[in-house]
Amino acid sequence: MTTTGPRVRIAPSPTGEPHVGTAYIALFNYLFAKKHGGTFILRIEDTDATRSTLEFEQKVLDALKWTGLSWSEGPDVGGPYGPYRQSDRKAMYQPYGQELLDKGHAFRCFCTPERLEQMREAQRAAGKPPKYDGLCLNLKAEEVTSRMAAGEATVIRMKIPTDGNCEFHDGVYGDVSIPWDSVDMQVLIKADGMPTYHMANVIDDHLMKITHVARGEEWLASVPKHILLYRYFGWEQPVFMHLSLMRNADKSKLSKRKNPTSISYYSALGYLPEALMNFLGLFFVQIPEGEEMLTMDELTEKFDPDNLSKAGAIFDIQKLDWLNGRWIREKLSPEDFIARTLEWASENSRLTEGLKLSQSRISKLGELPGLAGFLLSSDVGLTPASFAGLKTTPAETLEILQTVQADLEKMIEWNVESIDAELRAISDKLGKKLRVVTPPLFVAVSGSSRSLPLFDSMALLGRSVVRQRLKIAATVVASMVGSGT
Ligand code: GLU
């Protein structure tokens, strides 16, 4: 079905756990399309081949589906402007790089990573922002041809005006002016032929007929590069709207060090997707106090993209808890409540897998809640007493918890085998035996030293829940180190 309304998109990069910030931007675009009779599409931006994985892509799709959002075009549903995954579009970008070279809007650069690093180092030392210095900007055509013929690696960079400012209008920020002098000669096509984010993003937004680009404010500074590309190609640019970032209560950028940021954390703890979307949607509406509880239809009706705040969207977990409680109590019938609870308990097969792990460890079924309940609990109630029976000292326990917490972030895959391998590597690194490293983790993750097998439990709980438990455990143990207990 073709519509004449606006076309908007969410364009996640599958490089990590799906973030609530992605749900926030997706919701804005979804409401925008719904309000204006437009089309909401999903495009996977995986030009960063070293960090993007199909596993994360699947997680992004699953997490966004869990929120209740749906898209009319995307890698999973197809559509008239596919493919919707940038790595599958690689060949489409090549002619555009050539077009810019032919028109004189771009140039080939042969600078090696080592030379660029030295250049940046010198700029840093001189207190200047790092920026390409233009060494290859005016290479003669013959030199370019011969160096390429000799097999030298080359990238394509865009040319940037030297004087004046890039002036544009942003739907949230109003009139913006950014000096061209501060804009880098961005690489457009990398040495391996893959486009960079900027190049692929602009080409795809054009080919996919995107009319409005609504995304996080961290992209505002990239708009001059994007506008220049639209001009170089002779394409009409979309309307830009840069939404204020979500922030922690202390106004810092929402980060997993301070608050859980993974969508999967909120689903695992039993937040209802309707409540999470309601909470995020409140950043896009103007409503009097007392009228906060809104369904998706009500959010669409009240959606007000012309009056957005630049102040930052504070991720106030207490408010989310309050809304979630109200959704559970006021919006679900008893039948719905039971059905939703069972569905939640079964998420990622944790109920059945938890039971399988428990079978050999109990003498009565009534022991199950005590043994396996931590797989479902939002809080395992850690106190200094929880760690008192360990053989490691509080300082050692803390070192173990902190090392594991940091290293688990670097894992690409999250499953029993990868957790097993990582914890063995961490034990070696710490110069401790695995059986010394695991007891503090048992307590941190389950609240008890007698529980289910650790690696399986961590895999079932998921990275975002484990991260949060390790964080709480480290805080509790740090207080023991401080007080000498
Ligand atoms: N891939 C970018 C991101 O993940 C999308 C930015 C945009 O919407 O242009 O943030």
Side-chain angles (χ1 to χ4, degrees), residues 6-33 38-54 56-61 63-64 67 69 71 73-75 81 83-90 93 168 170-173 176 178 186-188 190 194-230 235 237-246 253-256 261-263 280 284 305 308 313:
R7 288 176 56 83
V8 293
R9 82 311 192 264
I10 180 76
S13 295
T15 53
E17 293 281 321
H19 195 279
V20 280
T22 303
Y24 162 76
I25 304 287
L27 176 63
F28 180 91
N29 281 289
Y30 176 85
L31 293 172
F32 192 91
T39 308
F40 172 56
I41 78 171
L42 186 147
R43 178 174 73 231
I44 292 291
E45 298 207 330
D46 59 350
T47 53
D48 183 349
T50 50
R51 293 173 58 226
S52 303
T53 69
L54 279 174
F56 282 137
E57 175 181 319
Q58 193 54 50
K59 285 192 167 171
V60 171
L61 296 180
L64 287 176
T67 66
L69 299 182
W71 37 95
E73 298 168 29
Y81 303 100
Y84 291 88
R85 182 186 297 113
Q86 289 183 328
S87 56
D88 294 338
R89 300 168 69 81
K90 183 175 171 186
Y93 305 113
F168 62 93
D170 183 85
V172 181
Y173 281 77
V176 181
I178 297 179
Q186 178 67 48
V187 173
L188 300 176
K190 298 184 257 190
M194 204 55 186
T196 53
Y197 152 75
H198 302 279
M199 180 74 160
N201 184 272
V202 165
I203 295 174
D204 286 348
D205 280 346
H206 171 71
L207 295 178
M208 295 178 180
K209 299 194 163 34
I210 298 302
T211 57
H212 296 70
V213 166
R215 59 188 168 194
E217 73 182 4
E218 72 269 32
W219 299 106
L220 188 68
S222 297
V223 173
K225 293 175 188 170
H226 298 182
I227 287 187
L228 211 49
L229 286 173
Y230 284 104
W235 295 337
Q237 73 192 43
V239 174
F240 292 107
M241 285 175 279
H242 287 85
L243 309 178
S244 55
L245 286 183
M246 284 206 290
K253 183 179 160 194
L254 189 66
S255 70
K256 59 188 170 216
T261 53
S262 298
I263 297 174
L280 295 176
F284 311 135
L308 297 176

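As the structure is a computational prediction, the values presented were derived from the model and not from experiment. In listed order, ligands and their atoms are each counted from 1.
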Pair [X] + [Y]: ring centers closer than 6.0 Å:
X	Y	result
Y197	H226	yes
H242	Y173	no
F284	Y24	yes

Check: Any idea which atoms of ligand 1 are less than 4.0 Å away from a heavy-atom of S13?
Finding: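 Answer for ligand 1: 1 (N), 4 (O).
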Item checked: Sub-4.0 Å atoms of ligand 1 with respect to non-hydrogen atoms of N201 -> 7 (C), 9 (O)
Notebook entry, point to check: With sequence neighbours left out, what residues match L54 under side-chain contact (heavy atoms from CB on, under 4.5 Å)?
Noted result: E57, R85
Check: Should E73 and R43 count as an ion pair when the cut-off is N to O under 4.0 Å?
Finding: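 Salt bridge flag = no for R43 with E73.
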Notebook entry, point to check: Any salt bridge (charged side-chain N to carboxylate O under 4.0 Å, His left out) pairs touching residues 212-228, not counting sequence neighbours?
Noted result: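 For residues 212-228, and leaving out neighbouring residues, the salt bridge (charged side-chain N to carboxylate O under 4.0 Å, His left out) pairs sorted by first residue read E217-R247.
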Minimum-distance protein heavy atom relative to [atom]:
atom	result
atom 8 (O) of ligand 1	R9 NH1, 2.6 Å
atom 10 (O) of ligand 1	W219 NE1, 3.2 Å
atom 3 (C) of ligand 1	A11 O, 3.8 Å

Notebook entry, point to check: Taking atom 1 (N) of ligand 1 as the point of reference, which of R43, E45, Q86, H226 owns the nearest heavy atom?
Noted result: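 It is E45 whose heavy atom sits nearest to atom 1 (N) of ligand 1.
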Next item on the list: Using distance alone, decide if ligand 1 has a nitrogen or oxygen within less than 3.5 Å of any nitrogen or oxygen in P12.
Entry: no
Notebook entry, point to check: Do any nitrogen or oxygen atoms of E218 come within less than 3.5 Å of a nitrogen or oxygen of ligand 1?
Noted result: no
